[in-house]
Amino acid sequence: MQPHGPGATAGPRMRVTGLLLLVAHLSTVGWLTLRPRTVPWVPAANLEPLATIRAELARGLSWEVVQHLGGSVLLLAPLGVLLPLSAGRLNVSPVVSLTRTAFAGAMIALAIELLQSGVPGRVPDIDSVLLGALGVAVVHLAVVPRARRRLRRRYRHLGAATPRIPRVGLAPQADALSGSRTYL
């Protein structure tokens with residue numbers, strides 16, 4: 001395990017696990033959202049923010065509404081944990097981490113919606129981008145700061161155990177290198 005001092009990263013195993021889980025999740029999301037659907041007709045693309053959310057909530061709070069809006073929130077929500085896990089940083093400002101993760105989640109959601117515009121039976125919806133970014137941010141806020149705090153406490157003793165080498169002056173090149181070799 002690597003020492004965890006200021007700006008240190010988590011162990012390589014943790015990062016590799018995070019990357020593998022991230023790839024698996026994104027593959028599943030791509031398979032779910034980018035498969036062609038056979039439908040008799042499709043509605044027009046929604047490019048007006050919050051229009052779909054308002055329309056769904058106007059229908060009343062039913063199971064279908066919760067399923068539609070909740071599905072959009074939960075689809076990318078694991079990225080709130082997987083993106084920081086794959087980065088492996090322990091000592092990061094919570095605000096910077098949240099901003100970076102929410103932005104990355106929004107960009108992934110936007111990429112999915114742009115790719116859906118070319119898939120038969122799929123309709124891009126800007127509200128899916130907003131709900132996806134919301135899910136990423138909420139999960140990040142709920143899990144990551146507490147998990148980082150626990151990991152920093154666990155590896156606190158390793159941060160202080162970094163050996164310190166006393167400063168030494170540089171020796172002239174002729175004294176440092178033996179023989180007639182010179183390195184340019």
Side-chain angles (χ1 to χ4, degrees), residues 9-10 12-90 92-148 150-151:
T9 61
R13 267 194 276 167
M14 189 180 303
R15 290 187 71 188
V16 169
T17 302
L19 284 170
L20 290 175
L21 290 172
L22 181 65
V23 168
H25 179 69
L26 288 177
S27 298
T28 304
V29 167
W31 181 77
L32 289 172
T33 59
L34 299 175
R35 287 182 305 160
R37 290 190 308 186
T38 305
V39 291
W41 63 274
V42 292
N46 173 30
L47 301 178
E48 181 186 339
L50 305 177
T52 304
I53 297 171
R54 270 188 258 130
E56 289 286 339
L57 293 175
R59 290 181 15 191
L61 198 59
S62 65
W63 177 246
E64 291 83 23
V65 171
V66 171
Q67 195 174 10
H68 182 258
L69 295 178
S72 294
V73 170
L74 293 176
L75 183 66
L76 295 177
L79 294 179
V81 174
L82 294 176
L83 288 170
L85 180 65
S86 63
R89 295 184 184 127
L90 291 180
V92 178
S93 164
V95 174
V96 170
S97 178
L98 173 66
T99 304
R100 188 181 319 163
T101 303
F103 180 75
M107 291 300 105
I108 290 170
L110 181 63
I112 289 170
E113 293 302 316
L114 289 174
L115 289 171
Q116 277 185 348
S117 66
V119 177
R122 299 286 181 168
V123 179
D125 185 1
I126 192 67
D127 291 338
S128 293
V129 175
L130 297 175
L131 291 170
L134 174 70
V136 169
V138 166
V139 169
H140 181 86
L141 281 173
V143 176
V144 173
R146 214 171 302 134
R148 278 190 176 142
R150 282 184 53 213
L151 286 170

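Note: hydrogens, waters and symmetry copies are ignored here, and every other heavy atom, side chains too, is used.
Closest non-hydrogen pair, Ser86 versus Gly18, comes out as CB-C, 3.8 Å. Here the closest heavy-atom approach between residue Glu113 and residue Ser128 is recorded as OE2-CB, 3.3 Å. Of all non-hydrogen atoms in Val123 and Gln116, the two that sit nearest each other are O-OE1, 3.7 Å. Scanning both residues, Leu76 and Ala109, for their nearest heavy atoms gives CD1-CB, 3.5 Å. Shown here for His140 and Pro145, the closest heavy-atom pair between the two residues is O-CD, 3.1 Å. Between Ala104 and Leu83, the closest heavy-atom pair is CB-CD1, 3.7 Å.
Using a distance-only test at 3.5 Å, with no hydrogens or angles considered, a donor-acceptor pair links the side chain of Arg15 to the main chain of Ala87. Proximity of a side-chain donor or acceptor of Arg148 to a complementary backbone N or O of Arg89 within less than 3.5 Å is detected. Checked by atom type and distance alone, the side chain of Thr101 never pairs as donor or acceptor with a backbone atom of Leu98 at under 3.5 Å. Here the side chain of Arg122 pairs a donor or acceptor atom with the backbone of Arg35 at under 3.5 angstrom.
In this structure, CD1 on Ile126 lies 10.0 Å from CG on Leu50, to the nearest 0.5 angstrom. Here the CD1-CG distance, from Ile108 to Leu79, works out to 5.0 Å after rounding to the nearest 0.5 Å. Here the CG-OG distance, from Asp125 to Ser117, works out to 13.0 Å after rounding to the nearest 0.5 Å. For the atom pair CG (Leu131) and OG1 (Thr52), the distance works out to 8.5 Å, reported to the nearest 0.5 Å. To the nearest 0.5 Å, the span separating OG1 on Thr33 from CD1 on Ile112 amounts to 4.5 Å. Considering OG of Ser72 and CD of Gln67, their distance stands at 10.5 Å, rounded to 0.5 Å.
A 4.5 Å side-chain heavy-atom check between Asp127 and Leu130 finds at least one atom pair inside the cut-off.
Residue-environment remark: CZ (Arg146) stays at or below the threshold of 12 foreign heavy atoms within 6.0 Å.
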* When you look at Leu69 and Val73, which way does the side-chain contact (heavy atoms from CB on, under 4.5 Å) test go after all the steps? -> CA-CA 6 Å; Leu69 295 178; Val73 170; 5.7 Å; no
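Between His25 and the options Val29, Val23, Leu22, a side chain to side chain contact (heavy atoms under 4.5 Å, CB included) holds for only Val29.
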